[in-house]
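Each residue takes its place number in the sequence, starting with 1.
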Amino acid sequence: MLMKEYRICMPLTVDEYRIGQLYMISKHSCEQSGGGEGVEVVKNEPDTHPQHGHGQLTEKRIYLSSKLPSWAKAFVPRFFYVTEKAWNFYPYTITEYSVSFLPKFSIRIETRFENNNGSNDNVFGDTPTPADSVSFLDILSDPIPEKHYKESEDLSLWQSNKTGRGPLEKGWRDDHKPVMCSYKRVQCSFEVYGFQTKTEEFIHRNIKDILLIGHRQAVAWIDEWHGLSLEEVREYEQVMQEKTNSKVKSSQNNTGPQVTPRPQFSRSISVTDERSLKKMGVTATPMSDPSETSLPHSPIRLHSTPE
C-alpha cells in the first residue's frame with residue numbers, strides 16, 4: 001500500500017469552501033459527463049457519524065474506461081465503472097473507491113480542512129505523516145495537463161469581483177489572508193504481483209492532477225458560488241445531479257445494447273487472460289448492492305465502493 005499526504009492551500013476560509021466544494025464538484029461532474037462516460041449519482045442522502053455528527057453520504061458511479069493507460073486496458077473489461085462512496089462530515093470527509101472485478105484494488109482518501117497554510121503536521125490526530133510522504137500542491141504554479149488548462153482558471157490572471165481577491169503571486173501561501181488548507185491522506189493499494197508499483201504510482205500521479213484542477217476551479221469560480229447559502233447550493237447540486245445523470249444515461253443508451261445505464265459486469269478477455277489473472281490473484285466478484293451502505297472502517301480494503 002502506498003500512502004501520501006497532500007496539502008493544498010486556497011485563498012478562502014473553511015466556511016467559504018464548504019459552499020465552494022459542493023458547487024465545484026457538481027459543476028465539474030456535469031462538465032466531464034457525456035459520450036458514455038462521466039459521473040452518475042446513485043445516492044445522496046443525510047447521514048450521521050457517532051464521532052463527527054451529521055453529514056451527507058453520496059454514492060457515485062464513475063464511467064472512465066477510455067482514460068485507462070494502455071498497459072491496463074489489456075486486462076480490464078471494455079466497459080466498467082468505479083464506485084465512489086463519500087461521507088461528508090465537514091470539515092472532515094472520507095472517500096472510498098473500488099472496482100467490482102478487482103477486489104485487490106482500493107483507494108481511501110481522508111480529508112480535513114483547517115484555516116492555516118498547511119502548518120499542522122498531525123492534522124488527523126493520530127500519527128504524523130513522515131515528511132518524505134507529504135506533498136504541498138501549489139494551485140498557482142504546479143503544472144497541470146495541458147488539455148485541462150483554461151485561461152479563466154489561471155490563478156496568476158484571476159481576479160474576483162465579489163471578494164476583490166487575486167491574482168495570486170509567488171509565495172502567496174505565506175502572507176495571503178484568508179488562507180486555508182485541504183489536508184488529504186491518500187492510501188492506494190493494488191496488490192497484484194507485477195502491477196502493484198506501476199499501478200499505485202499511476203494512481204497517485206492522477207490524484208495529484210485531479211486535486212490541482214479541482215482546487216483551482218473552486219477558487220477561479222468563486223464569483224459563481226460566493227454568497228450562496230448551504231440550502232441554495234444543495235438545490236444547485238440537485239439540479240446538476242439530475243442533468244449529469246441524464247447526460248450519462250442518454251450517451252450510454254445511444255452507444256448500443258452492450259452498454260446500459262447501470263451495466264452488469266461482462267468480461268471482454270480471453271480464457272487464457274482470465275487464467276493469467278487468476279494466477280495473479282485477480283478474480284471476478286459481484287458488485288455489492290448500492291442500497292446497502294455502512295460507515296468506513298480503518299484499516300480498510302475498498303470492496304464496497306478519484307475529490
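- Taking the side chain as every heavy atom from C-beta outward, Val41 and Thr244 never approach each other to under 4.5 Å.
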Open item on the list: Is there a side chain to side chain contact (heavy atoms under 4.5 Å, CB included) between Lys208 and Leu137? Walk through the geometry before answering.
Closed with: CA-CA 8 Å; Lys208 286 178 65 175; Leu137 304 184; 3.9 Å; yes
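- Side-chain atoms of Lys247 come within 3.5 Å of backbone atoms of Cys30 as a donor-acceptor pair (strictly under, hydrogens ignored).
- For His204 and Tyr6, the side-chain atoms include at least one donor-acceptor pair closer than 3.5 Å.
- Put simply, the residue from Arg61, Lys60, Glu40, Met240 that forms a side chain to side chain contact (heavy atoms under 4.5 Å, CB included) with Asn245 is Glu40.
- With a 4.5 Å cut-off on side-chain heavy atoms, Gln159 and Pro167 count as touching.
- Ring geometry for Tyr17 against His215 counts as parallel: the plane angle stays under 30°, on a 0 to 90° scale with 60° as the upper cut.
- Annotation: side chain of Trp225 is in contact with side chain of Glu16 (closest heavy-atom distance under 4.5 Å).
- The side-chain heavy atoms of Arg216 and Tyr149, taken from C-beta on, include a pair separated by under 4.5 Å.
- Other residues, nucleotides and ligands place no more than 12 heavy atoms under 6.0 Å from the CD atom of Glu169.
- Annotation: side chain of Ile139 is in contact with side chain of Met10 (closest heavy-atom distance under 4.5 Å).
- Summarising the geometry, atom CD belonging to Glu96 is positioned 9.5 Å from atom OG belonging to Ser106; distances are rounded to the nearest 0.5 Å.
- In terms of modelled atom types and a separation under 3.5 Å, the side chain of Asn206 and the main chain of Phe202 share a donor-acceptor contact.
- Remark: Glu231 does not engage Arg234 in a salt bridge, criterion side-chain N to carboxylate O under 4.0 Å.
- The nearest pair of heavy atoms linking Ser152 to Ala220 is O-CB, 3.8 Å.
- Aromatic ring centres of Tyr183 and Phe124 lie farther apart than the 6.0 Å criterion allows.
- Between His49 and His52, the two ring planes are tilted [angle within 30° to 60°].
- Asn88 contributes no side-chain N or O that, together with a main-chain N or O of Gln56, makes up a donor-acceptor pair within less than 3.5 Å.
- With values rounded to the nearest 0.5 angstrom, Asp154 atom CG is found 7.0 Å from Glu151 atom CD.
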Task: Pair Val42-Thr83, side chain to side chain contact (heavy atoms under 4.5 Å, CB included): steps then yes or no - done: CA-CA 10 Å; Val42 297; Thr83 299; over 6 Å; no
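- There is no path of hydrophobic side-chain contacts, each under 4.5 Å, that joins Met3 to Ile210.
- Under the 3.5 Å distance criterion, the side-chain polar atoms of Glu224 are left unmatched by any main-chain donor or acceptor of Trp221.
- Side chains of Tyr23 and Glu237: no donor on one and acceptor on the other come within 3.5 Å.
- Follow the hydrophobic side-chain contacts under 4.5 Å out from Val179 and you reach Leu155 in the same cluster.
- Arg7 and Asp121 are joined by a salt bridge, as a carboxylate oxygen and a charged side-chain nitrogen come within less than 4.0 angstrom of each other.
- Under a 3.5 Å cut-off, the side chain of Ser246 and the backbone N or O of Glu242 do not form any donor-acceptor pair.
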Task: side chain to side chain contact (heavy atoms under 4.5 Å, CB included) assessment of Leu230 paired with Leu22 - done: CA-CA 9 Å; Leu230 184 59; Leu22 294 172; 3.7 Å; yes
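- Lys162 contributes a side-chain N or O that, together with a main-chain N or O of His226, makes up a donor-acceptor pair within less than 3.5 Å.
- Under the 4.5 Å side-chain heavy-atom criterion for ILVMFWY residues, a single connected hydrophobic cluster contains both Leu211 and Val14.
- Hydrophobic clustering places Ile144 together with Leu168 (ILVMFWY residues linked when any side-chain heavy atoms are closer than 4.5 Å, directly or through intermediates).
- Contact check for Lys43 versus Leu57: side-chain heavy atoms found under the 4.5 Å cut-off.
- Residues Gln217 and His28 have side chains in contact (heavy-atom distance under 4.5 Å, counting atoms from C-beta outward).
- Hydrophobic clustering (ILVMFWY, side-chain heavy atoms < 4.5 Å, transitive): Tyr236 and Met24 are in one cluster.
- Its side chain outside the 4.5 Å cluster rule for every partner, Val239 clusters with none of the Ile, Leu, Val, Met, Phe, Trp and Tyr residues.
- Atoms CG and SG, from Asn117 and Cys181 in turn, are 7.5 Å apart once rounded to the nearest 0.5 Å.
- Looking at Thr111 and Lys184, their side chains do bring a donor and an acceptor atom within 3.5 Å of each other.
- No side-chain heavy atom of Tyr92 sits less than 4.5 Å from a side-chain heavy atom of Gln51.
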- [ ] Given side chain to side chain contact (heavy atoms under 4.5 Å, CB included), test Thr127 with Asn122 step by step and report yes or no.
- [x] CA-CA 7 Å; Thr127 303; Asn122 190 16; 5.7 Å; no
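- Checking side-chain atoms of Tyr90 against main-chain N and O of Arg18 turns up a donor-acceptor pair under 3.5 Å.
- A distance of 6.5 Å separates CG in Asp223 from OG1 in Thr163, rounded to the nearest 0.5 Å.
- In summary, Arg185 and Glu110 engage in a salt bridge, as defined by a charged side-chain N under 4.0 Å from a carboxylate O.
- Here the straight-line distance linking atom OG of Ser160 with atom CD1 of Ile222 works out to 5.0 Å at 0.5 Å rounding.
- Side-chain N or O atoms of Ser29 include one that pairs as donor or acceptor with a backbone N or O of Ile25 at under 3.5 Å.
- Within 6.0 Å of NZ on Lys243 lie no more than 12 heavy atoms contributed by other residues, nucleotides or ligands.
- For the pair Arg165 (side chain) and Pro11 (backbone), a donor-acceptor distance under 3.5 Å is present.
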